[in-house]
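None of the values given here were measured: they were computed from a predicted structure.
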Amino acid sequence: MKAKGLLSLMLSLPDDWNYNMQGLATLSRDGIDSVRSAIKELEHHGYVERHRLRNEYGFYGDTEYIIREVPLGEEND
C-alpha cells in the first residue's frame, strides 16, 4: 500500500519536479528509508525506472526517473 501511495504522489507532481529520495521523503510522513524501499518495489513491478545520468566529464550526476501509470510490459493489455 505504501508503494501505491508513493506512486500516486509521484504521478501528481509536475513533470519537471526533481524526484530525489530526500525530496520525496519531505513530501510524505515516511522517512528516506521507507521511500527508498517503496521506490525499489515500484521498480520491481515496472512502475518506475531510474537511470543515473553522467555529465560531460563522465561523472554521475542527476537521476532520471520514468514513472508509469501502467507497469512496463502491460501497456497493451
Any side-chain heavy atom of [X] within less than 4.5 Å of one from [Y]?
X: R29; Y: S34; result: no
X: T63; Y: H51; result: no
X: I39; Y: L24; result: yes

Can you check salt bridge (Lys or Arg N to Asp or Glu O under 4.0 Å) on E43 and R50, steps first, answer last?
CA-CA 8 Å; E43 282 182 301; R50 290 186 293 172; 2.9 Å; yes
Testing the basics here: between G31 and A25, what is the closest heavy-atom pair and its distance to 0.1 Å?
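Looking at all heavy atoms of both residues, the closest pair is C-CB, 4.1 Å.
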Kindly compute the distance separating [atom1] ([X]) from [atom2] ([Y]), expressed to the nearest 0.5 Å.
X: L6; Y: S37; atom1: CG; atom2: OG; result: 9.0 Å
X: L11; Y: R68; atom1: CG; atom2: CZ; result: 11.5 Å
X: Y60; Y: R52; atom1: OH; atom2: CZ; result: 6.5 Å
X: L13; Y: I67; atom1: CG; atom2: CD1; result: 7.5 Å

Within a 6.0 Å radius of atom NZ on K40, are there more than 12 heavy atoms belonging to other residues, nucleotides or ligands?
no
Contact list for residues 11-50, test ring pair (Phe, Tyr, Trp, His ring centres under 6.0 Å), sequence neighbours left out
W17-Y19, Y19-Y65
If hydrophobic residues (ILVMFWY) are linked whenever their side-chain heavy atoms come closer than 4.5 Å, directly or via other members, who joins I66 in its cluster?
none
According to a hydrophobic-cluster definition based on side-chain heavy atoms being under 4.5 Å apart (Ile, Leu, Val, Met, Phe, Trp, Tyr only), do M21 and M10 belong together?
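Same hydrophobic cluster.
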